[in-house]
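I have placed the structure first, in the form of structure tokens, so that the comments after it can refer back to it.
By convention here, the first residue in the shown sequence is residue 1.
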Amino acid sequence: MSVEFKKYGPDSFEAFREDFNHAAASDEKDPGARKYIFVMTTEEISFRAADSETYDRKELFEQGLEIRVFDETSEAKWFRASIDCGFSFRLRDDSGMADDSLHVWDESQYLDIDDKKTEKIRAAGQGDMVCTTGGGKYSLPINGYKNAKIRIRNYLGEEPDTGELYAEDWRLAGFTEGEV
């Protein structure tokens with residue numbers, strides 16, 4: 001397991017673009033691995049499959065608050081507190097990590113999806129959009145949206161004095177599709 005950190009200044013667009021393109025590219029070791037992108041900007045929240053994404057890199061750099069490119073083994077994450085701050089970056093890669101059930105905990109959480117409203121908008125041709133129970137919409141790049149879950153990997157740290165475990169970090173790891 002490896003973790004890398006980096007900062008981007010306001011004039012670091014080219015470095016951001018290059019790093020984002022690299023993270024979103026197909027995995028050379030496992031070209032069939034499914035990668036996803038989560039984006040939260042000042043205008044939208046969305047999930048997309050990395051192999052079919054069409055995000056404008058300049059808009060992501062200028063309006064993005066949190067961006068994650070993830071798959072089963074890794075996550076590249078850009079984040080900032082507000083639009084006037086530079087991005088911080090964290091890459092977490094579990095490739096080659098031995099199973100460590102004490103310090104890694106995987107969970108699945110249901111996504112907020114109103115099935116009836118989602119059926120209507122998908123029947124109307126709105127592709128991968130789903131409706132939330134509160135009335136919002138977001139794109140979701142999976143077909144089985146009923147009872148769909150997002151998989152989260154938690155990394156646990158251990159307090160040296162007491163041995164107590166705590167959540168040190170977490171990342172998105174994929175989706176569990178439900179019924180269609």
Review point. Between N143 and E177, what is the shortest heavy-atom contact and its length?
Key: N-OE1, 3.4 Å
Point to revise | R122 side-chain N/O to M129 backbone N/O, donor-acceptor pair under 3.5 Å | key: yes
Check your understanding: Is L140 close to F175 at the side-chain level, that is, under 4.5 Å between some pair of heavy atoms?
Key -> yes
Exercise for review: Report whether I113 and Y36 are members of the same hydrophobic cluster (ILVMFWY, side-chain heavy atoms less than 4.5 Å apart, transitive linking).
Suggested key: yes
Review point. Is the NZ or CZ atom of R57 both under 6.0 Å from the centre of the six-membered ring of F20 and within 45° of that ring's axis?
Key: no
Exercise for review: State, yes or no, whether a side-chain contact exists between Y166 and L156 at a heavy-atom distance under 4.5 Å.
Suggested key: no
Review point. Could E14 and R17 be called an ion pair, given the rule that one side-chain N must be under 4.0 Å from one carboxylate O?
Key: yes
**Study point:** Heavy-atom pair with the smallest gap, counting every atom of T176 and S108
**Key:** OG1-OG, 4.1 Å
Review point. Is there a chain of hydrophobic side chains (I, L, V, M, F, W, Y, each step under 4.5 Å between heavy atoms) that links I37 to W78?
Key: yes
Review point. Run the side chain to side chain contact (heavy atoms under 4.5 Å, CB included) check on D114 and T132 step by step: do they pass?
Key: CA-CA 5 Å; D114 184 315; T132 67; over 6 Å; no
Check your understanding: Going through the checks in order, is the side chain to side chain contact (heavy atoms under 4.5 Å, CB included) test met by D115 and Y145?
Key -> CA-CA 8 Å; D115 294 338; Y145 60 86; 4.0 Å; yes
Check your understanding: How many angstroms lie between NZ in K7 and OG in S88, if you round to the nearest 0.5 Å?
Key -> 3.0 Å
Review point. Between D112 and T133, do the side chains contain an N or O donor and an N or O acceptor separated by less than 3.5 Å?
Key: yes
Review point. Does a sphere of radius 6.0 Å around CD in E4 hold more than 12 heavy atoms from other residues, nucleotides or ligands, not counting ones at 6.0 Å or beyond?
Key: yes
Exercise for review: Before giving the answer on side chain to side chain contact (heavy atoms under 4.5 Å, CB included), spell out for K117 and K137 the whole-Å C-alpha distance, their side-chain angles and the decisive distance to 0.1 Å.
Suggested key: CA-CA 10 Å; K117 290 179 186 175; K137 289 191 245 182; over 6 Å; no
Review point. For S74, does its backbone N or O pair with a side-chain atom of D93 as donor and acceptor, under 3.5 Å?
Key: no
Check your understanding: Do side-chain atoms of K35 reach the backbone of V69 as a donor and acceptor pair under 3.5 angstrom?
Key -> no
Check your understanding: Between CG of D106 and CG of N154, what distance do you get to the nearest 0.5 Å?
Key -> 7.5 Å
Study note, to complete from the structure: Here the pair of heavy atoms bringing G86 nearest to R80 is O-CB, 3.5 Å
Check your understanding: Taking C-beta and beyond as the side chain, do R92 and K77 meet within less than 4.5 Å on heavy atoms?
Key -> no
Point to revise | Minimum side-chain heavy-atom gap I83-E62 below 4.5 Å | key: no
Point to revise | Side-chain touch L91/V3, heavy atoms, less than 4.5 angstrom | key: no
Study note, to complete from the structure: When every non-hydrogen atom of A148 is compared with those of I142, the smallest separation belongs to CB-CD1, 3.7 Å
**Study point:** Spacing of F61 atom CZ and D56 atom CG [to the nearest 0.5 Å]
**Key:** 12.5 Å
Revision key, fill the gap. So CG of D128 and CD1 of I121: to nearest 0.5 Å the spacing works out to 9.0 Å
Check your understanding: Less than 4.5 Å apart, any side-chain heavy atom of I67 and any of F16?
Key -> yes
Review point. Picking from R90, R153, R171, what satisfies side chain to side chain donor-acceptor pair (under 3.5 Å) with E75?
Key: R90
Exercise for review: State the CZ-OH distance between F89 and Y8, to the nearest 0.5 angstrom.
Suggested key: 5.0 Å
Exercise for review: Verify, without hydrogens or angle tests, whether E168 (side chain) and G157 (backbone) share a donor-acceptor contact under 3.5 angstrom.
Suggested key: no
Point to revise | Pairs where residues 108-141 contributes a residue and the test ring-ring contact (aromatic ring centres under 6.0 Å, His included) is met, not counting sequence neighbours | key: none
Practice item. Taking the side chain as every heavy atom from C-beta outward, state whether L60 and F87 have any atom pair closer than 4.5 Å. Key: no
Tell me which donor-acceptor pairs under 3.5 Å the side chains of residues 39-51 have, and how far apart each pair is, sequence neighbours excluded?
unit_1, atom_1, unit_2, atom_2, d
T41, OG1, E43, N, 3.0
T41, OG1, E44, N, 3.0
S46, OG, Y55, OH, 2.5

Check your understanding: Is the backbone N or O of C131 less than 3.5 Å from a side-chain atom of T118, with the two atoms forming a donor-acceptor pair by type?
Key -> yes
